[in-house]
Every structure is written in structure tokens, then in C-alpha cells.
Amino acid sequence: MVSVELYEQENNVVVEKTALEKMAEKRSQIIFKKRMTVGLTQSQLAERANVTQKTVSRIERGDTKVRETTLQKVYTVLGITAQHLEELK
């Protein structure tokens with residue numbers, strides 16, 4: 001089975017990301033960098049934010065289907081402020 005990404009690469013298909021996808025990608029970078037800065041593993045962050053490690057992984061991969069309440073829990077644990085979130089725009 002050929003993955004979509006591999007197909008796109010081999011056939012020079014250009015896929016434009018939506019605004020939501022771009023925002024989720026930036027958000028994931030901010031969360032990952034902040035998590036690394038404070039020295040937490042995904043599991044530690046998940047435990048402190050009262051979410052699953054799988055959820056943290058999805059957020060860091062740029063999943064667009066994450067509830068705002070879940071993101072707020074992660075932001076609080078990491079000390080991500082409104083200023084950090086302004087970078088998403």
C-alpha cells in the first residue's frame with residue numbers, strides 16, 4: 001500500500017494546506033518547543049494536563065481535531081500565554 005504522502009512526492013502533487021492545518025502545525029511546534037524547554041516527556045505532560053499521552057502526541061503532530069478545552073489544559077501546564085498563541089495568526 002502506498003501512502004498518500006509518498007504518492008504526492010513521487011507524482012509531484014502539490015497539496016495546499018488549509019488555514020486550520022497551518023494553525024495546527026504552528027501550534028504543534030509551539031507546544032513541542034515549550035515541552036522540551038521545560039523538560040517534560042509527552043507522558044509527563046499528559047499526566048499533568050489530565051489527558052492521555054496519545055492526545056499529546058496528536059497535538060504535537062498537528063492534528064486539527066483537538067478540543068479547545070484539551071488545548072487549554074496543555075497550555076496551562078506549559079505556561080503558554082496569549083502572546084505565544086498570537087504567533088499562530
- Task: Start with the C-alpha gap between Asp63 and Val66, add the side-chain angles, then the distance that decides, and say whether side chain to side chain contact (heavy atoms under 4.5 Å, CB included) holds.
- Result: CA-CA 7 Å; Asp63 190 331; Val66 180; 4.1 Å; yes
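The two residues Gly62 and Ser28 have their closest heavy-atom pair at N-CB, 3.7 Å.
Taken to the nearest 0.5 Å, the CD atom of Glu25 stands 9.0 Å off from the CD atom of Glu21. A distance of 9.5 Å separates CG of Leu78 from CZ of Arg48, quoted to the nearest 0.5 Å. In this structure, OG1 on Thr41 lies 8.0 Å from CE on Met36, to the nearest 0.5 angstrom. Rounding to the nearest 0.5 Å places NZ of Lys73 at 10.5 Å from CD1 of Ile59. Here the straight-line distance linking atom CD1 of Ile80 with atom CG of Leu71 works out to 9.0 Å at 0.5 Å rounding.
The closest donor-acceptor contact from the side chain of Arg35 to the backbone of Leu40 lies under 3.5 Å.
Exactly one of Arg58, Gln42, Gln44 qualifies for a side chain to side chain donor-acceptor pair (under 3.5 Å) with Gln53. That residue is Gln42. Just one residue in the list Glu60, Lys54, Arg61 forms a side chain to side chain donor-acceptor pair (under 3.5 Å) with Ser57, and that residue is Arg61. Partner Tyr75 forms a side chain to side chain contact (heavy atoms under 4.5 Å, CB included) with one of Ile30, Thr70, Ile31 and no other, that one being Ile31.
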